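Model, not experiment: these values are computed from the prediction.
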Amino acid sequence: EPLVENHAEMMEACASGQLATVLSLLKAASENDDIKQASTNNDNDINNILSQKHLLAAQQEPTVGLSPLMSASQYGHMDICQALVDAGAPWNAIDRYGKCAGDYATVAQKWEVVNLLVDVGTKAELILGASIRLAQQLEGPNNKSETNIDTAVKDEDDQKQILNDAGKPQPTSSTTIPVSHEPCTKPDYLQHANVRYNAANTLLLDDDDDAVMMEWERPLMNAHAQILTHNGTKRKRVMNIGFGLGIIDMALQSYEPSLHVIIEAHPTVYEKMIKDGWNEKENVRICFGRWQDELPKFVEEGLEFDGIFYDTYGEHFTDLEDFHGLMAKVLHKPDGIYSFFNGLAPDNLFFHGVACNCVKIQLSHLGLDTEFAQCEIQVDEKDWEGVRRKYWHGRDTYYLPIVTWKKS
């Protein structure tokens, strides 16, 4: 039985493009809210807490999980989509197949609607991010909130899953979140005592058997390294945050940098670096510690880098924003290049696009331009054997961030 009246009529109107009917139904629901509010003083009554107008705009039908916004998006009814969003329809609700309104619009090639939903999602995530940051500041520096906004990261080693759980799907009430979609922030990662490499050195796991880094990333890391060294130019000054399997650091070494700084915070990974002789390389400077502590030292030292790469594990999306603020102080002007492992919202391409747009806007405020180069990547199902959850979900295109100073 539907939670609100007229849900079937709303769904039909959204599919057929009847804007007048949609507006009439929303207005009637709003008037019912006013009547109920005036007729009772019980603030704990669920009917007073939940707006009928909002529920009518947001409610999903029980079989597939289709919402009014998904239906209107699929058929490209722009005015109806705007009305539903204004009424409180969530842009990131998903159906039982993991598809959101943006996915429906994308498949149907309704690009005006796609642009609307990207804009709505971006604004929502930036506002949510600002509110979470404010809450963290009020709590104090040692009590960082573990709230996730769907756009999340992989570690002091691996940002893979997006630091932003921003953009993560909002399930229907009867949907159980699969392991692969759990928030990937792990504030206690540096205390994990069972972080270990496999015998072939192709996999790094944490205490939960989640992958910190994997061998299949090698082609991506090679592409990142080539871009960070200005298409393979030798004698550049480069810095990498998060060693992991050392894939990108090996690639950077092939270009013979004049200075190669590696910041690594996990004791097990640092021990592996020493065992493998990274501390004996003449052009390598290892900083054992958190980038939050180490990067300000370079700012004070006045050292600048031609290429900077960020690939952390288990951090919050606000950590990425904090990093960008410090990174901009040590990225050489005017031709320094910055990049990061782009695992933002990895389980849904539309959410991934919104997360990338959020980061692009944040970097723009620092005077930086961001573009995303498309790289083809294949990840075989057998690559995930022994790993509890995936941080890459079947896509064959990776959007490699290339961040440079604005020419103006």
Do the rings of F341 and Y398 sit parallel, tilted or perpendicular, given the 30° and 60° boundaries? tilted
Please list, chain by chain and in numerical order, all residues satisfying side-chain contact (heavy atoms from CB on, under 4.5 Å) with S258, sequence neighbours excluded. R235, R237
Ignoring hydrogens and geometry, is there a side-chain-to-backbone donor-acceptor pair from H352 to L344 under 3.5 Å? yes
State whether the side chain of N92 and the backbone N or O of G121 hold a donor-acceptor pair below 3.5 Å, judged by distance alone. no
So for atom CD, which belongs to Q191, do other residues, nucleotides or ligands contribute more than 12 heavy atoms lying within a distance under 6.0 Å? yes
If you measure from CG on L26 to OG1 on T21, what distance do you get to the nearest 0.5 Å? 10.5 Å
Does N240 offer a backbone N or O that forms a donor-acceptor pair with the side chain of E264 under 3.5 Å? no
Partner set under side-chain hydrogen bond (donor to acceptor under 3.5 Å, both in side chains) for D276, not counting sequence neighbours: K272
Close aromatic pair by centroid cut-off 6.0 Å: W216 and Y391: yes
OH (Y75) with more than 12 external heavy atoms under 6.0 Å: no
Taken to the nearest 0.5 Å, the spacing of L363 CG from C358 SG works out to 11.5 Å
Test your reading of the model: is there a side-chain donor-acceptor pair from H266 to the backbone of H192, 3.5 Å cut-off? yes
E215 with R218: basic N within carboxylate O range, under 4.0 Å: yes
Judged by modelled atom types alone, do Q82 and D86 share a side-chain donor-acceptor pair under 3.5 Å? yes
Do any N or O atoms from the side chain of D208 and from the backbone of D210 form a donor-acceptor pair under 3.5 angstrom? no
So, the side chain of S364 versus the backbone of K360: is there a donor-acceptor pair under 3.5 Å, distance only? no
Is a side-chain N or O of N115 found less than 3.5 angstrom from the main chain of E112, in a donor-acceptor match? no
Is there a donor-acceptor pair closer than 3.5 Å between any side-chain N or O of E304 and the backbone N or O of H332? no
So, R96 side chain and P62 main chain: donor-acceptor pair closer than 3.5 Å or not? yes
If the plane angle is over 60° it's perpendicular, under 30° parallel, otherwise tilted; pick one for H224 and F309. tilted
Distance-only, no hydrogens or angles: does the Y270 side chain make a donor-acceptor pair with backbone N or O of C287 under 3.5 Å? no
Only one of R388, R389, R196 passes salt bridge (charged side-chain N to carboxylate O under 4.0 Å, His left out) with D209; say which it is. R196
Hits for side-chain hydrogen bond (donor to acceptor under 3.5 Å, both in side chains) against D383, two or more places apart or cross-chain, chain-then-number order -> none
Do the side chains of K297 and E300 get close enough for a salt bridge, i.e. N-O under 4.0 angstrom? no
Using 30° and 60° as the class limits, which term best fits the ring planes of F340 and Y338: parallel, tilted or perpendicular? tilted
To the nearest 0.5 Å, atom CD1 of I337 lies from atom CZ of F305 at 15.0 Å
Quick one: list whatever passes ring-ring contact (aromatic ring centres under 6.0 Å, His included) with Y104, sequence neighbours left out. none
Can you name the salt bridge (Lys or Arg N to Asp or Glu O under 4.0 Å) partners of E381, sequence neighbours left out? K390
State which residues pass salt bridge (Lys or Arg N to Asp or Glu O under 4.0 Å) with K234; sequence neighbours excluded, sorted by chain then number. E256
